[in-house]
Amino acid sequence: KSPEPMKPVTNTIKEKPSRDNIKIKLNNNEVVLKKGDEIIFNHQGETYSSQVYAINGEDISVRYRRKNIVIKPSDVKKIY
């Protein structure tokens, strides 16, 4: 039996607003993360780097092992 595809978790019906940037806290500083920035982020206990593809509400879309995933602002470790 093949694993079921992951369904996105939706808490609200309304679409999250799409944005080009988001203010996040990084090492106690407020920084602006922009679409297209290269970042280092934590995912499942490991550190990866990726470009930011989209920002929807508080969700940051990045590419991880050739898949698009969504991370939270707290997962971002560094912006180039």
J.: Does the side-chain contact (heavy atoms from CB on, under 4.5 Å) test come out yes or no for Ser61 and Asn68, once each step is laid out?
T.: CA-CA 7 Å; Ser61 293; Asn68 286 331; 5.9 Å; no
J.: Taking only residues two or more places apart in sequence, or in another chain, which ones meet Ser49 in a side-chain contact (heavy atoms from CB on, under 4.5 Å)?
T.: Ile40
J.: Just to verify, what does Lys35 make a side-chain contact (heavy atoms from CB on, under 4.5 Å) with, not counting sequence neighbours?
T.: Asp20
J.: Connecting only ILVMFWY residues whose side-chain heavy atoms lie within less than 4.5 Å of each other, what is the rest of Ile55's hydrophobic cluster?
T.: Ile22, Ile24, Leu26, Val31, Leu33, Ile39, Phe41, Tyr48, Val52, Ile60, Val62, Tyr64, Ile69, Ile71, Val76, Ile79
J.: Side chains of Ser18 and Asn56: closer than 4.5 Å at any heavy-atom pair?
T.: yes
J.: For Thr47, which residues count as a side-chain hydrogen bond (donor to acceptor under 3.5 Å, both in side chains) partner, sequence neighbours excluded?
T.: Asn42
J.: Can you name the residues that form a side-chain contact (heavy atoms from CB on, under 4.5 Å) with Lys67, not counting sequence neighbours?
T.: none
J.: If you count every heavy atom of other residues, nucleotides or ligands that lies below 6.0 Å from Lys25 atom NZ, does the total exceed 12?
T.: yes
J.: What do the steps show when you test Asp59 against Lys72 for side-chain contact (heavy atoms from CB on, under 4.5 Å), and what is the final call?
T.: CA-CA 5 Å; Asp59 298 337; Lys72 294 288 169 205; 2.5 Å; yes
J.: Go through the structure and list residues passing salt bridge (charged side-chain N to carboxylate O under 4.0 Å, His left out) with Arg19, not counting sequence neighbours.
T.: Glu58
J.: So which heavy atom on Arg63 is nearest to which on Ser50, and how close?
T.: N-OG, 2.9 Å
